[in-house]
Amino acid sequence: MGRRSDGGPASGIGLSDWWAGSSDSTNPPPPVRSNGAPTRSSSTPRCVVAPSNRGADTSSRSSSTAPVRSPPMAKAPILTPRAEDFPRWYQDVLNKAQLAESGPVRGTMVIRPYAYAIWERMVEEVDRRIKAAGAENAYFPLFIPQSYLTREAEHVEGFSPELAVVTVAGGKELDEPVVVRPTSETVIGEYMAKWIQSYRDLPLLLNQWANVVRWELRPRTFLRTTEFLWQEGHCAHATEADGHAYAARILHDVYRDFMVEVLGIPVLIGVKPPEERFAGATNTMACEAMMGDGKALQMGTSHELGQNFATAFDITYQDESGEQQLCWTTSWGVSTRMMGGLIMAHGDDRGLRVPPRLAALQVVVLVVKDDDGTVTEAARRLHDELAGAGVRARIDDRVGTPFGRRATDWELKGVPLRIEVGPRDLADGMVTLVRRDSAEKSVVGLDEVVGTVPALLEVIQSALHDEALALRESRTVECATVEEAAAAATEGFARVPWAMLDPAALERLGRDALTVRCVQTPDGGLPERLDDADNVAVVARAY
RNA sequence: CGGGACGUGGCGCAGCCUGGCAGCGCACCUGCUUUGGGAGCAGGGGGUCGCGAGUUCAAAUCUCGCCGUCCCGACCA
C-alpha cells in the first residue's frame, strides 16, 4: 500500500536470426485511442467524479544443426527488441500478447482475460499466504467521507493531489464530498475503533481485495494506473513491537516468499528512507526487484503506522491492568503492478515468459497438423492425462491456422512449455517438448510425457529465477563514493553506505533521477534501525 | 500549468503544401490451396476524415474556434 507503491519451412532459422537481419521497421506503437472516445453529452450527470486539486529455433529440430545465417530479408521483429527501446517493447508485449489495453478514461486499463487469469493466480497464492499469516478477509466501501481523510495530517497531505472526489450524486450536490478510496486506512480505522475493546481483541488482522483510485499524471499500464487492483492488509496491535514484527512477517513470509517462489523474481527487502515512506507511516518496508533494463520496481510494501491512525480514529483497547491504550497499526499491500514486474523481469524479445508455478496455463498441447483426426485424438488424450496429473494444460487444435502463427502466439503469451504433437512424431510414438524460457526442444515418448512434465516445469521455474538473479547480480555494484554510485545506478543497483548519503549526496543523485530504493543491513537483511552505522543504501532508477 | 506534435475503417499510416470519386498495410469475412516456425492466391465487408462554424460551384485538404490524445518539462512515485 504504499502510496505509489505499489512483465519454415526453412528449418534452420532461429528467431534470433530473424532479428539479426535488418529491418528498420519496428512495429508501430500502440497508443491506443484514436478518434473519438465518445464524449458523453448526457446532461444530467448522476454522479460526477472530479480529481481534486491538481488536477525457434527453433526451429531447428535440433539446434545443433541449425545453420547460422541471417536471411537478407528478415521479417520484421514481432516486438520491438528490448535493447532497442525497452518501454516500447513493454507496450508491444501488452498488445501482442493481449494482456491489457488502456481504458476510455486516461490512466485506466482493461485487463484482458489471459492477463487476468495470471492476476487471479497471483491472488490465489498471495491470499493463501495472507491467511496462513492469520489475517482474515473483509470488505470495506469504495466511497469514503472526505472528512475521514483529513483526520490524519500527513495522510491527507500525501494523498489529496491524487484523490478523485465525488461532489454530485443522485442528481444533487452532496453535502459532504465523498472520495473514491485511494487506500483504506481511514475507513478501516473507523471500524477497528468500534470493534476493538480489549487486549483480547488484538491483534486484529484484516485484509481486503479491492480496487483503488489514485489520479495519476503519468500512467503506465500495470505499473501506475489511475485505478488498480490490490490487496490491502490493515492490522491493529497492542504494542509497537508486535506491529513491527507482523509488518516484517508479511514482508518476508507473504511477499518475498510469493515473489521468489512463485513469480520467480528475486527481490531485495529493506526499509524506505523517510522521503519514500507511505503518507502517515512511521516506517515503510518494501520488496524491490530489478527489471530487465536495470531499473528498480517496488513490488510490495509493508508499513508501520505507529499510533498515527490510532490517534486519529481513536483505536484504543483496555489492557490487562484496565488502562486504556492506543493501538499500533500496520498496513501492507501488493497490486496489479506485479503484473508489470512480471513482464519486465521475465520477458524477452519473443514476449512474456510466465514462470510455471504462477502460470494459469502451464502447458499448451499443440496439434501440428491433422489429416485424419488421429493426431488431435492423441493430443486430447495427452492433454487429459496431463490435466489428470494436475498440470494446467490446454489443447490448441486449430489446425486451420498455420503452425508458425500459433507457436508464435503462445510464445508471446509466455506459456512455459509447449508440447508439439504432429504426425511425424506420432509415427514414432513421440512428441516434442519446447521450453519457452530457453527455446530448447526435446523429443519424448508419448508415455513418458506425464512423468516428465512436472519436473521440467520446475526446472523452468528455477531457470527463470536464476536468470533474473544473475542479471541483478551482474548489475549490482558496491560503491564507495557518490559519484561511483551515480554512475553504477544508471545501469542497475548501486550499493553505498547509507551513512554517506547526506542531503547533498541525495540531491546529487536526484539530478540523475536516482533514488534510494531501500536501506538494508550489509548482508541484505531488514535493518532494525534506519541509522545503524553499517546500513547499506540501494540506489537506482525506479519505475 | 509551460513547450512541441498529432486526431482519416478495429490497429498502424499515406493523402493536406497545390481543394475535384477516401486510399495503403495489418486485422476481419468467403473460397481454394496450404499447415513441423509469423501462409499463398482470388474475391469481399467495413470510414459522417475529432467536433462546430466559415470561405468555395466543390473541403480530409484552406480559415477560425472548440474538444481530445501523445511527447518533453514541471509536479508526483
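What you see below is based on every heavy atom in this structure, not just the backbone, and it leaves out hydrogens, waters and symmetry mates. Here is how names work: the chains are called A, B, and so on, in the same order as the sequence lines, proteins then strands, and each is numbered from 1.
Within the shown strands, U33(B) is the pairing partner of A39(B) under the Watson-Crick or G-U definition, both distances less than 3.5 Å. Pair assignment for C1(B) gives G73(B), based on Watson-Crick or G-U wobble hydrogen-bonding distances that are each under 3.5 Å. Under the Watson-Crick or G-U wobble criterion, with both distances below 3.5 Å, A27(B) is left unpaired in every strand shown. Base pairing of G9(B): no nucleotide in any strand meets the Watson-Crick or G-U wobble criterion (both distances under 3.5 Å). Checking U56(B) for Watson-Crick or G-U wobble geometry (two distances, each under 3.5 Å) identifies no partner in any strand. Across all strands shown, U61(B) remains unpaired; no Watson-Crick or G-U wobble contact has both distances below 3.5 Å. Partner assigned to G47(B) is none, using Watson-Crick or G-U wobble distances below 3.5 angstrom. Nucleotide A14(B): unpaired (no Watson-Crick or G-U wobble partner with both distances less than 3.5 Å).
Between Leu297(A) atom CG and A77(B) atom P there is a gap of 16 Å when expressed in whole angstrom units. Between the CG atom of Leu217(A) and the P atom of G73(B) there is a distance of 13 Å, rounded to whole Å. Rounded to a whole Å, the CZ atom of Arg398(A) is 17 Å from the C1' atom of U34(B). In this structure, Asn95(A) places its CG atom 19 Å from P of C26(B), rounding to the nearest Å. The distance from atom OH of Tyr543(A) to atom C1' of A77(B) is 14 Å, rounded to the nearest whole Å. Rounded to an integer number of Å, the gap from Met291(A) CE to A77(B) P is 20 Å. G73(B) atom P lies 17 Å from atom CZ of Arg511(A), rounded to whole Å. The interatomic distance linking Gln298(A) (CD) with C76(B) (C1') rounds to 14 Å, in whole Å.
Using C1' as the reference atom, U33(B) and A60(B) are 41 Å apart when rounded to the nearest Å. As rounded to the nearest Å, C49(B) and G73(B) have C1' atoms that lie 33 Å from one another. G47(B) and G10(B): their C1' atoms are spaced 11 Å apart (whole Å). Comparing C11(B) with C70(B), their P atoms are spaced 15 Å from each other, to the whole Å. Across the C1' atoms, G23(B) and G65(B) are found 30 Å apart, a figure rounded to whole Å. Across the P atoms, A77(B) and C64(B) are found 41 Å apart, a figure rounded to whole Å. A gap of 7 Å separates the C1' atoms of G68(B) and G50(B), to the nearest Å. Nucleotides U8(B) and A14(B) have their C1' atoms positioned 10 Å apart, rounded to a whole Å.
Classification of the Trp230(A)-Phe228(A) ring pair by plane angle, with boundaries at 30° and 60°, yields perpendicular.
For the residue pair Ser331(A) / His234(A), no side-chain donor-acceptor distance below 3.5 Å is found, with atom types taken as modelled. For the residue pair Thr376(A) and Asp397(A), no side-chain donor N or O sits within less than 3.5 Å of a side-chain acceptor on the partner. The closest side-chain donor-acceptor pair between Gln298(A) and Arg337(A), if any, does not fall under 3.5 angstrom.
Comparing Asp370(A) and Glu275(A) by the nucleotide of RNA chain B whose heavy atom lies nearest to each, the residue mapping closer to the 5' end is Asp370(A). Where Arg218(A) and Gly404(A) each meet RNA chain B at their nearest nucleotide, the meeting point lying more 5' is that of Gly404(A).
The shortest side-chain heavy-atom distance between Val453(A) and Ile419(A) falls under the 4.5 Å cut-off. You'll find the side chain of Val449(A) stays beyond 4.5 Å of the side chain of Glu385(A), heavy atoms only.
Counting only heavy atoms from C-beta on, Val434(A) has its side chain closest to G37(B) among A74(B), G36(B), G37(B). Checked against U35(B), A39(B), G37(B), the side chain of Lys369(A) finds its nearest nucleotide in U35(B). Distances were taken from every side-chain heavy atom of Glu411(A) (C-beta onward) to each of G37(B), G36(B), A27(B); the shortest belongs to G37(B). The side chain of Arg224(A) approaches A77(B) more closely than any other nucleotide in the set A77(B), A39(B), G36(B). Nearest to the side chain of Val368(A), among G36(B), A74(B), G38(B), sits G36(B).
The phosphate of G37(B) has neither OP1 nor OP2 within less than 4.0 Å of any side-chain N or O from Arg406(A). Note on Arg106(A): a side-chain N or O is less than 4.0 Å away from OP1 or OP2 of C70(B).
Interface remark: the Arg418(A) side chain does form a donor-acceptor pair with the G37(B) base, using a distance-only criterion of under 3.5 Å. Applying the 3.5 Å distance criterion, the base of G36(B) shares a donor-acceptor pair with the side chain of Asp425(A).
What you find for Leu426(A) and Val421(A) is that their closest heavy atoms are CD1-CG1, 3.9 Å.
Thr515(A) comes within 4.0 angstrom of nothing in the nucleic acid, heavy atoms only.
Stacking of Arg495(A) on the aromatic ring of Phe493(A) is not recorded, the 6.0 Å distance cut-off and the 45° axial limit not both being met.
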